[in-house]
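First listed ligand is number 1; within each ligand, the first listed atom is number 1.
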Amino acid sequence: MCGIVGYFGKKDAVKALLDGLSRLEYRGYDSAGVAIPDGDSVSIIRTVGKLENLKAALSTKNIKANMGIGHTRWATHGRPSEINAHPHRSGSIVLVHNGIVENYIELKESLEESGYSFISDTDTEVLAHLIRSLYRGDLFSALRDAVSKVRGSYAIAVIDADKRDRIVVTRRDVPLVLGVDDINGEYIAASDIPAALNITRDFIMLEDGGFAQISADGVTEYNPAGEIIQKKITHIDWDPVMAEKDGYPDFMLKEINEQPRTLMDTLRGKIIPDEGKIYLGELEGLKSKAGELERIVIVACGTSLHSGMIGKLYIESYAILPVEVDIASEFLQRSLPLSDKVLVICISQSGETADTKQALRLAKKRGAKVAAICNVLGSAIASEADYCIYTHAGPEISVASTKAFTSQTIVLLLFSLWLGEQRDVLGKKAISEILNDLLHIPDKLKAIFADQENIKSIALKYIHAPSFLFIARHYNYPIAFEGALKLKEISYIHAEGYCSGELKHGPIALLSDNFPVMVYAPAGTVKDKVFSAIEEVQARGASVIAVISEDAIPPSQCSDIIRIPETREELSVLLTVVVSQLFAYYAAKGLNRDVDKPRNLAKSVTVE
Ligand code: AGP
C-alpha cells in the first residue's frame, strides 16, 4: 500500500515529511517523493528505491519550508520508476494518492480529448489533471468535484503550487488520519497513525468520503456539501511500534483481521455481481486462446500451493477443464509435456520464490503460456509471466501468509468463472449468484472474529499435544493442508493435513487420546462423509475439534466445536482458513513463539 504524509506547521517540513514517510516504510514501497514550497512555486523531488535515496536527493537542495506533501509508492499501475513516483503535477495542482482509480482509462481518454497530455503510466496522474480541469481558485471544490467522477478507492492530499497556503485532503475506502497539535500549531495528514506520532498523539479520524483543509489556521473538516463538521479528537497512546501494527500485537494478527477489507480490495474493479460480469483486463490476450486450452497446470509453493489446490477444483467445476497442481520444486524435475494448448498458472505472494520462478521459466521454454497471480507489482514472477493478475492484498509483512491466501483464492475463483464464460460453459446467472454470495463473505468473516475467544481457548487447550492431524474433504481438503502448515510453521507443533477419506488407509493408526484432530465439516455435499470420519476418529479415543456450520448438529461427543456462518461450499474455504489462521496464531502465542518471524523461515524463499 502507498503511504501519504502532508505537513503544515512551524517545524522544518522536509524533516517532518521524511520522518513521517520513514514510519510508513513497513507498508512496503518501491519509490518515494515529496513536494515542498521552493521560492514562489513548489519543488517535486522523487526517487526510486528506499527513502535513503530521497533523503540524499533532498540533502543537495537547501530548501526550508513550513508545509509540503510526501508519498511512498506501492506500485499498482505503472512500474516502479521516478516518472511514476508521486507527487504528480498538472499546472499548479500537485498531489499524492493512495488507492486505485478504477475508471482511470475513461477519465484519461476524456482529459486527453480536452488537450491534457500524460507523462506517467499511473492512474494518479489522471487525478492531477482532473482536479486542474475543475480548479477555479477553490481547491476544496475542485477536489470534491473531481472525486465525484472517480470510481475506486483513494486517499488524496493536494496543494496549489502557486498559493502554497493549504493542503486539502479526502478519502474513500482508504485510511487517512489527521494529527492535530493546536498548541504548537503543528498539523499532519497521514495514511496511518505511526507517521504522525512524532508530531502529536491527538487525531481526527477523517470520515469516509470526508474532506479536510490543513493550513496555518489549523484543521477544518467538511462534508461533501462543504459544511464544516465539528472536529472529534481521539488521543492515541500507542507506542510507534504498536502503531505500525495498527494496535495489534503482531503483524500476523493485523493481517488476519485485514481480510474482510483485503478481499474487497482484491475484487475492486473486477466484478459487477448483479450483471454476472467479470473484468480481468490482464487476461485480454488470453481470450482468443481460452477455447483452445486443453489443460491447466498450477505451480506454486507452501501456502500459495494450497490456494492452487482450491483453484484446481474451481477451474474444473466452472470452466470444465482438467487441472493438475504441482509443487514448484517437483515440477522442475518432471518431463511434463507442455504446449501452447496448456496454461501454466504460477501463484506467488512475493513474486520472488526461486522454485516458482524457475518453474515459470521452464514452462515458457516448453512452449506453454504462463499466467501469474502475485501480490507484488514488478516482482520477477509478475514481470516474466505472459499474463499477471495482482491480488492487491497490500504488503504482507508476517512470514506466515494469511491475507495473501484468501486474495489468491478469490482471484482463482474469478479466473475460473471468467474462463468458464469464455469457454461458453458457464452462464451469467450462475456467475451472478456466486458473486453475490461472495460479497457476503467479509461480513461472515467478522462473525468468525467475534468468536475468536472460543478459538483461542481451544487452541490453548492443545498447545502441548505432540502432534496434530487436520482432515477435510473436497474444497476444504486444501484447508487441512494449510491449517497444518500454519500451525507447524509458527507454533513448531508437528501437524499433518490429510483428506478424511484416506484416514482408514493408514493414518488412523496414529490416533490415540493425545492426538487431537481438527476436522473441517461445513455444510455441503461431503458433510455427512466427513461426519463419518469424525466418528472413526472418536472411536480411537482422539479429541476432535470440529469446524462446522452455525446450524449444524455436531456429531456426538465432539471435544470442541468452532462454528462458522453458512455459505456455499465453494466459498466456505474463505471462512475455514481464517479459523485455521486464528487457531495457529493463538497456539503459537500460547507457546510464546515469534509469530511474525518464526525460526528458520524467510518471508520470501529466493533460493532453490
Ligand atoms: C506460508 O505461510 C509460508 N510463509 C510459505 O509457505 C510461503 O507460502 C511460500 O514460501 C511461497 O511464498 P510465495 O507465495 O511468496 O511464493
**Q** Would you check whether Val399 reaches within less than 4.0 Å of ligand 1, judged by its heavy atoms?
**A** yes
**Q** Going by the atom numbers of ligand 1, which of them fall below 4.0 Å from some non-hydrogen atom of Ser304?
**A** 8 (O), 13 (P), 14 (O)
**Q** Check the angle between the aromatic planes of His97 and His86 and answer parallel, tilted or perpendicular using the 30° and 60° thresholds.
**A** parallel
**Q** Who passes side chain to side chain contact (heavy atoms under 4.5 Å, CB included) against Lys270, sequence neighbours left out?
**A** Leu280, Glu282, Ile389, His392, Leu414
**Q** Identify, by atom number and element, the atoms of ligand 1 in contact range of Thr303, meaning under 4.0 Å from any of its heavy atoms.
**A** 1 (C), 2 (O), 6 (O), 8 (O)
**Q** Regarding Thr402 and Gln259, is there a side-chain donor-to-acceptor distance under 3.5 Å anywhere?
**A** no
**Q** Relative to the heavy atoms of Ala400, which atoms of ligand 1 are at a distance of less than 4.0 Å?
**A** 2 (O)
**Q** Pairs under 3.5 angstrom only: tabulate donor-acceptor contacts from the side chains of residues 358-365 to other protein residues two or more places apart or in another chain.
**A**
from: Arg361; atom 1: NE; to: Glu384; atom 2: OE1; distance (Å): 2.7
from: Arg361; atom 1: NE; to: Glu384; atom 2: OE2; distance (Å): 3.4
from: Arg361; atom 1: NH2; to: Glu384; atom 2: OE2; distance (Å): 2.6
from: Lys364; atom 1: NZ; to: Glu384; atom 2: O; distance (Å): 2.6

**Q** Return the residue, atom name and 0.1 Å-rounded distance of the protein heavy atom closest to atom 10 (O) of ligand 1.
**A** Val605 CG2, 4.0 Å
**Q** For atom NZ of Lys369, is the number of surrounding heavy atoms from other residues, nucleotides or ligands below 6.0 Å larger than 12?
**A** no
**Q** Show which atoms of ligand 1 fall inside a sub-4.0 Å distance from at least one heavy-atom site of Lys486.
**A** 1 (C), 2 (O)
**Q** Stepwise, does the side chain to side chain contact (heavy atoms under 4.5 Å, CB included) test hold for Ser317 with Leu313?
**A** CA-CA 6 Å; Ser317 171; Leu313 299 173; 6.0 Å; no
**Q** Could you find the nearest protein heavy atom to atom 11 (C) of ligand 1 and give me its residue, atom name and distance?
**A** Cys301 O, 3.5 Å
**Q** Is the closest side-chain donor-acceptor distance between Gln581 and Tyr585 under 3.5 Å?
**A** no
**Q** For Ser401, counting its heavy atoms only, list the atoms of ligand 1 lying under 4.0 Å from any of them.
**A** 1 (C), 2 (O)
**Q** At what distance is the nearest protein heavy atom to atom 13 (P) of ligand 1, and which residue and atom is it?
**A** Thr353 OG1, 3.3 Å
**Q** How close does the nearest protein non-hydrogen atom get to atom 2 (O) of ligand 1, and which residue and atom is it?
**A** Glu489 OE2, 2.5 Å
